[in-house]
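This structure is a prediction, so every number in the text was calculated from the model and none was measured.
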Amino acid sequence: MKSTAEFDLVVFGASGYTGRLVAEYLAQAYAGDKDLRWAMAGRDLAKLAAVRDEIGAPADIPLLVADTGDAASLRALVARTRVVVTTVGPYQLYGEPLVAACAEAGVDYVDLCGEPAWMRKMIDAYGQAAQASGARIVFSCGFDSIPFDLGVFFLQQAAKARFGVPLTRIKGRVRQLKGTFSGGTAASLKATLAAAKADPSVLQLLVNPFALTPGFTGPAQPPADRPAYDESLGSWAAPFIMAAINTRNVHRSNQLLGHAYGEDFVYDEMLLTGPGEQGKAMAEAVASDRSLASDSAPKPGEGPSREERENGCYDLLFIGETADGRTLKAGVLGKRDPGYGSTSRMISESALCLLRDATDTPGGIWTTAPAMGEALIRRLGDHAGLTFRIED
């Protein structure tokens, strides 16, 4: 990592919906931090200046022009910073040139990607280059997949401390989710569906729970693709839209941690909808909902209002079991709308964790748990409104 770089951190896409929230968070939460040198970057200087003024950032925050369609501008951008925070998606359409530039230059990179087929392509194409240059490239540093990846990691650490062995089976269950989706999320889903339709190999990756673990395939995983009644919780459960990315990242974390959860580890995620006929009906409604992929979905640049972001929240449950039947539970609670109010803080703190805490993590393409682990859990608790706790 280039300690002599002009900037510690650059927010790329700062004039977009989510990038603006990241810049606003940094401007407010780290206003008194004279040691943090950061800049805003995007395609349009006038838009960047307008956002800078609207969010109340200092007038002297540097504004940098770079475009995903201009590889030279991206190389010039990464040459000036230690880490890039990018919110410019869908990543399968716009992300590769920046990953390539960071991997080549040894510059750290964090994003909000929930596109597993593209992520696998990047792992195969740039993983060795990142290891050689020292670049730490960390995908999925937002609601997908930090609370889930770190929730499993947190519970496994507690199980090893209490039982001396890992949990071979963990169920991730969403107990509460109050928030809305933005146009960027809808655009990523539509791009993924289009890519799968055009290329059968993309579809194969999308349905493979071990898509992000090159060279390793574990045991069969629960499909979690239809409503089911969970006897142990007394609740109906519906398919969870983020499971397709979160479960892949959890299995990659296990691989990168030397299979600390075991090579026979089984993990799934579902959304709890409550007991009885009402819970069943809600689970069926969730399972049949296709609105995010429809023409009526939000457009890029659209998203929840400030009030919606501030009033949102989420509550996740992780239930684990050892091979001999001992159990342990953990909860992960988050303040604010998960996709945006919370995500803008999570990606910012991930970048700062790489800069200030996880300095010994070597180059490569990472997930959050093996790259930052306990350091990021502490940072999220201190700064981003997340709570990780064991539930006895």
Open item on the list: Looking at Leu354, is its backbone amide N or carbonyl O close enough to the side chain of Arg136 to form a donor-acceptor pair, meaning the two atoms are under 3.5 Å apart?
Closed with: yes

- [ ] Would you confirm whether Thr273, through its side chain, and Gly279, through its main-chain N or O, come within 3.5 Å as a donor-acceptor pair?
- [x] yes

Open item on the list: Quick one: does any side-chain atom of Lys160 pair with a main-chain N or O of Ala260 as donor and acceptor, under 3.5 Å?
Closed with: yes

TODO: Count the heavy atoms of every other residue, nucleotide or ligand shown that sit under 6.0 Å from OH of Tyr94, and state whether that count exceeds 12.
DONE: no

Open item on the list: On a heavy-atom basis, which atom in Ile61 and which in Ala57 lie closest, and how many Å separate them?
Closed with: CG1-CB, 4.2 Å

- [ ] For residues Ser140 and Thr368, report the shortest heavy-atom separation together with the two atoms involved.
- [x] O-CG2, 4.3 Å

Open item on the list: So, applying salt bridge (charged side-chain N to carboxylate O under 4.0 Å, His left out) with Asp315, which one of Arg175, Arg389, Lys335 is it?
Closed with: Arg175

Task: Same cluster (ILVMFWY, side-chain, under 4.5 Å), Val250 and Val266 - done: no

- [ ] Could you check Gln221 against Phe210 for side-chain contact (heavy atoms from CB on, under 4.5 Å), going step by step and ending with a plain yes or no?
- [x] CA-CA 10 Å; Gln221 303 289 308; Phe210 298 96; 3.5 Å; yes

Open item on the list: In terms of relative ring orientation, are Phe216 and His259 parallel, tilted or perpendicular, with 30° and 60° separating the classes?
Closed with: tilted

Task: CG on Leu45 to CE on Met40, rounded to 0.5 Å - done: 10.0 Å

Open item on the list: Quick check on side-chain contact (heavy atoms from CB on, under 4.5 Å): which of Val78, Leu98, Val85 does Phe12 satisfy it with?
Closed with: Leu98

Task: Short N-O contact, Arg169 and Asp268, less than 4.0 angstrom - done: yes

Task: Positive for salt bridge (charged side-chain N to carboxylate O under 4.0 Å, His left out) with Arg356, one of Asp108, Asp33, Asp8, Asp35 - done: Asp33

Task: Rounded distance [0.5 Å steps], CG in Leu355 versus CG in Leu36 - done: 7.5 Å

- [ ] Indicate the atoms forming the closest heavy-atom contact of Pro209 with His251, along with that distance.
- [x] O-CD2, 3.6 Å

Open item on the list: Using 0.5 Å steps for rounding, measure from the CG atom of Asn246 to the CD1 atom of Ile241.
Closed with: 11.0 Å

Task: Test: Asp357 and Arg378 ion pair at under 4.0 Å - done: no

Task: Side chain Arg37, main chain Glu6, donor-acceptor under 3.5 Å - done: yes

Task: Candidate list Tyr91, Trp366, Tyr126, Trp118, test ring pair (Phe, Tyr, Trp, His ring centres under 6.0 Å), partner Phe139, passing option - done: Trp118

Task: Lys/Arg-Asp/Glu bridge criterion (N-O < 4.0 Å) met for Glu321, Arg326 - done: no

Open item on the list: Please say yes or no: joined through hydrophobic side-chain contacts below 4.5 Å, possibly via intermediate residues, are Ile319 and Ile170 part of one cluster?
Closed with: no

Task: Pairs where residues 23-58 contributes a residue and the test ring-ring contact (aromatic ring centres under 6.0 Å, His included) is met, not counting sequence neighbours - done: none

TODO: Could you state whether Ile55 and Leu48 fall into the same hydrophobic cluster, counting links through intermediate Ile, Leu, Val, Met, Phe, Trp or Tyr residues with side-chain heavy atoms under 4.5 angstrom apart?
DONE: yes

TODO: Would you confirm whether the ring centroid of Phe143 sits within less than 6.0 angstrom of the ring centroid of Phe148?
DONE: yes

Task: CD/Gln157: more than 12 non-hydrogen atoms of other groups inside 6.0 Å - done: yes

TODO: Please step through side-chain contact (heavy atoms from CB on, under 4.5 Å) for the pair Lys197 and Leu193, ending with a clear verdict.
DONE: CA-CA 6 Å; Lys197 186 175 181 180; Leu193 294 174; over 6 Å; no

Task: Cluster overlap Leu333 with Phe153, hydrophobic side-chain contacts below 4.5 Å - done: no

- [ ] Could you tell me whether Glu391 and Arg173 make a salt bridge, using a distance below 4.0 angstrom between a side-chain N and a carboxylate O?
- [x] no

Task: Minimum heavy-atom distance between Ala158 and Ile390, given as atom pair plus value - done: CB-CD1, 3.5 Å

- [ ] Find the distance between CD (Glu115) and NZ (Lys121) and round it off to the nearest 0.5 Å.
- [x] 11.5 Å

Open item on the list: Tell me whether Thr343 contacts the main-chain N or O of Pro338 through its side chain, where contact means a donor paired with an acceptor under 3.5 Å.
Closed with: yes

Task: Minimum-distance pair of heavy atoms, taken over all atoms of Asp199 and Ser201 - done: OD1-OG, 2.7 Å

Open item on the list: Between Thr86 (side chain only) and Asp111 (backbone N and O only), is there a donor and an acceptor less than 3.5 Å apart?
Closed with: no

Task: Gln28, CD: over 12 other non-hydrogen atoms inside 6.0 angstrom - done: yes

Open item on the list: Using side-chain contact (heavy atoms from CB on, under 4.5 Å), reason through Leu205 and Arg248 one step at a time and then give a plain yes or no.
Closed with: CA-CA 10 Å; Leu205 284 173; Arg248 277 63 170 169; over 6 Å; no

TODO: State, without any angle test, whether Gln92 and Thr192 hold a side-chain donor-acceptor pair at a distance under 3.5 Å.
DONE: yes

Open item on the list: I need the Leu206 CG to Ile245 CD1 distance, nearest 0.5 Å.
Closed with: 9.5 Å

Open item on the list: Please check: side-chain N/O of Arg252 versus main-chain N/O of Leu212, any donor-acceptor pairing under 3.5 Å?
Closed with: yes

- [ ] Kindly say whether Ala371 contributes a backbone atom to a donor-acceptor pair with the side chain of Thr361 at under 3.5 angstrom?
- [x] yes

Task: Polar side-chain atom of Asp149 near backbone of Ala369 as donor-acceptor pair, under 3.5 Å - done: yes

Open item on the list: Main chain of Gly341, side chain of Arg345: is a donor-acceptor contact present, judged purely on distance under 3.5 Å?
Closed with: yes

- [ ] Starting at CD of Gln156, measure out to OH of Tyr267 and round the result to the nearest 0.5 Å.
- [x] 11.0 Å

- [ ] Begin with the C-alpha distance, continue with both residues' side-chain angles, and end with the deciding distance and a verdict on side-chain contact (heavy atoms from CB on, under 4.5 Å) for Cys113 and Met122.
- [x] CA-CA 12 Å; Cys113 188; Met122 296 302 97; over 6 Å; no

Task: Nearest heavy atoms of Phe265 and Leu167, plus distance in Å - done: CD1-O, 3.4 Å

